[in-house]
Every structure is written in structure tokens, then in C-alpha cells.
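Since the model is a prediction, treat every value here as computed from it, not as a measurement. To find a chain, count down the sequence lines: A is the first, B the second, and so on, and within it residues start at 1.
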2 protein chains.
Amino acid sequence: MEYPTSFLRSELVKKGIRPTYQRLKILELLHKKDTHPTAEEIYQILSPEIPALVKATIYNTLHTFVEAGLVRVVNINENELRYDSTIANHGHFKCKSCGAIFNFEINIDGMPFNGLNDFEIVEKNVYFIGFCPQCLNNQPKSIKKEKNGK
Amino acid sequence: MEYPTSFLRSELVKKGIRPTYQRLKILELLHKKDTHPTAEEIYQILSPEIPALVKATIYNTLHTFVEAGLVRVVNINENELRYDSTIANHGHFKCKSCGAIFNFEINIDGMPFNGLNDFEIVEKNVYFIGFCPQCLNNQPKSIKKEKNGK
DNA sequence: GTTCCTGCAAAAGCTTTGCAGAAGA
DNA sequence: TCTTCTGCAAAGCTTTTGCAGGAAC
């Protein structure tokens, strides 16, 4: 998928966020990468292109985006925050071996549940944990014993 | 629910974990409290009872429990790790206002999904975010505008 | 020109690690 | 007695904050 600058720019302007170069690049990356990068990963990817870029800016930018509802924080085990720009109904699958996060289709709103009668539900999330096909192929014997991908 | 020391003790011994006083207290707390306390909260609760207790011990103990499969890490938005001793099939609901986490019934294994054909699924999780009845009653007008409970 | 953002550096917060003494087997 | 755990202190990471110069409007 391609995201022209004009599209990204209007996405920001619509929310009252100044479309600076850094913000456009970070938003573009979040749209392109579907692996839900961490702040650190965003830094690693954009740093060569924007040498002056600093992590504080990435953190500030991500906060701005989250507050505006442009991206969502995905947070699956481990102590790390990942960011997701797809707000549609989907589940997240995290590979215990390589740590990658995949989207998959699931009708979250169709799931029956009990015990939240007087609660107001704002957001529903589903996440699975296991092993991705690539990791299963690479180490079919030992993979089950691995603790995590760190 | 009451958890006699002998029960807790055997739970640990079964997993090959030495049933020290600190570990028994932490495990007991995780069973009693269904709000999925953080390491910090565990420290706050047990500190008066065990003045010498130190956070490093709590972190180490929680790691030990997680590795043994006695407790699970629950991790819903925000940058904090919570621990859950109930391993059965249930969802977690996090209140945006007070930050408390509630369990609710949901048949996770019954949910249909697509796009994970060659994946090996080890664990399935569901979490909802919204407002709990208590917070809805306390501030029925302003609650929707609140960002989070921090 | 004014407002707001970025980069930089320093601080803050949470978690981990190394080690000596204490507790458990 | 031997092994393993706890408490303590220090280190390590990630994230946040304050401020001056710079970019956006």
C-alpha cells in the first residue's frame, strides 16, 4: 500500500495536529509496517533517513497520535508498548519465538460473554500467543521449549 | 475464598519451588485479590505485614511463578505488568477510570477466526476496556471525557 | 510574529542483577 | 551441611520532562 504525503497530511490536519516532517514519517511507517513496531523499532528504522531524529520526539509523537485516536497501543505480554494504526476489528497474534505480531480476522463484536451487565464497553481486544509458521519451520523440534524471543 | 497454607505450599512444591514465607504470601495474595495486582501493588499490600520485604524479591518471585505456569502476565494498555493466578478461560475488563481489572466469562475457544492457518496457538486472550459500574455511578456526566485512571 | 515542535540532556520510574547473609531441605 | 532465597544496593532500560533554537502557521 502506498500512502501519499497529501493523505497523511490531511489525516493529521483533520485532528488538529501540525503535519511536521517527523510526524508524517512516523505515521507513514505505522501505516506501512503491519508488525506494530515499538518506539525503539521506529527509531531504528527512521534514524538512517532522519539522522537528527531523537527518541523523545518519537515518544511525544506517539502520545499525540494515541490521544487523537490515530493509533492504538497494543500491548501483549512482555514489557513493551507497540503501536498499531489499524483501528478495525482484528485480533493480534504474537509469536513467542521471533516476537513478531500479526493481525488476523476475528469478529470481536459477535462474541457472547457474561458478567459485564452494568459495564460500559469502549473497546474490545483479542490476542493470541504461539508460534508463527516461519519459526515452526526453522526449528521444528526445539521451538516448543523456547521461552520467548528476547 | 480461603487458601490454607498447606494448599499453597503443595502448589509450590508440586512445581519444584521452595515454599518460602514470602512466596506463600505472594501466591496467597494473587489468589485472594482478583484485581490482578501489579508488583507495586503487591509490595504496598504485603509491606506492612512483612516489613523487610523488598521489591526485587517480588519481581523474582513473580518470574518464578510465571515460569512455572502458576500465574500469568496480564497486560492491558498502559505500561504496567499485572499478574493473574486464574488460568481458566476468561476475559479481562479494564476500567479506564479507576484502572481496576475485572474478570468476565467468555468462551474464547468457541470464537471463529481466520488467517492463522499455519500458526500454532498456545494461548488465547480477550480484553475489553471501558468503565466499571462504580465509576459510571460516581461521575455519570464527566466520565466519558476521562483519559485514564493514572 | 507567534505558536508549537524538535533535539538535546537530564531526570524519573520500573525492573534486573550481584553479592553476602539467612532460611529451607 | 549444602543449596537456594532474600534483602540490599547499584546498575540498566525505557519513558518523560525542561528548555532553547527552529519550523509551521
May I have the distance from [X] (atom [atom1]) to [N] (atom [atom2]), rounded to whole angstrom?
| X | N | atom1 | atom2 | value |
| --- | --- | --- | --- | --- |
| B/Y43 | D/dG7 | OH | C1' | 11 Å |
| A/L46 | C/dT6 | CG | P | 13 Å |
| B/L62 | C/dT17 | CG | C1' | 17 Å |
| B/N60 | C/dT16 | CG | P | 8 Å |
| B/I50 | C/dA22 | CD1 | P | 19 Å |
| A/K55 | D/dT16 | NZ | P | 13 Å |
| A/I58 | C/dC5 | CD1 | P | 17 Å |

A side-chain contact here means heavy atoms from C-beta on lying under 4.5 Å apart; do B/I58 and B/Q22 qualify?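 B/I58 vs B/Q22: side chains apart.
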Could you tell me whether the side chain of A/L30 reaches within less than 4.5 Å of the side chain of A/L62, counting heavy atoms only? yes
Side-chain donor-acceptor contacts of residues 8-17 of chain A below 3.5 Å, not counting sequence neighbours, with atom names and distances?
from  : atom 1 : to    : atom 2 : distance (Å)
A/S10 : OG     : A/F7  : O      : 3.0
A/K15 : NZ     : A/A68 : O      : 3.2

Starting at the 5' end of DNA chain D and moving along, which residue's nearest nucleotide shows up first, A/H63 or B/T61? B/T61
Interatomic spacing from CD in A/E120 to CZ in B/F128 - rounded to 0.5 Å: 14.0 Å
Check: protein-nucleotides 9-13 of chain C nitrogen or oxygen pairs below 3.5 Å:
none

Quick check on the 6.0 Å ring-centre criterion: do A/F102 and B/F119 meet it?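 Here the rings of B/F119 and A/F102 have centres that are less than 6.0 Å from each other.
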Examine distances only and state if a side-chain atom of A/T57 and a backbone atom of A/L53 form a donor-acceptor pair shorter than 3.5 Å.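 Not a single qualifying donor-acceptor pair exists.
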Listed partners of [X] passing side chain to side chain donor-acceptor pair (under 3.5 Å), at least two apart:
| X | value |
| --- | --- |
| A/K25 | A/E49 |
| A/K55 | A/E40 |
| B/N114 | none |

Check DNA chain C against residues 9-25 of chain B and give the residues with a non-hydrogen atom under 4.0 Å, in numerical order.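 Correct list: B/R18, B/P19.
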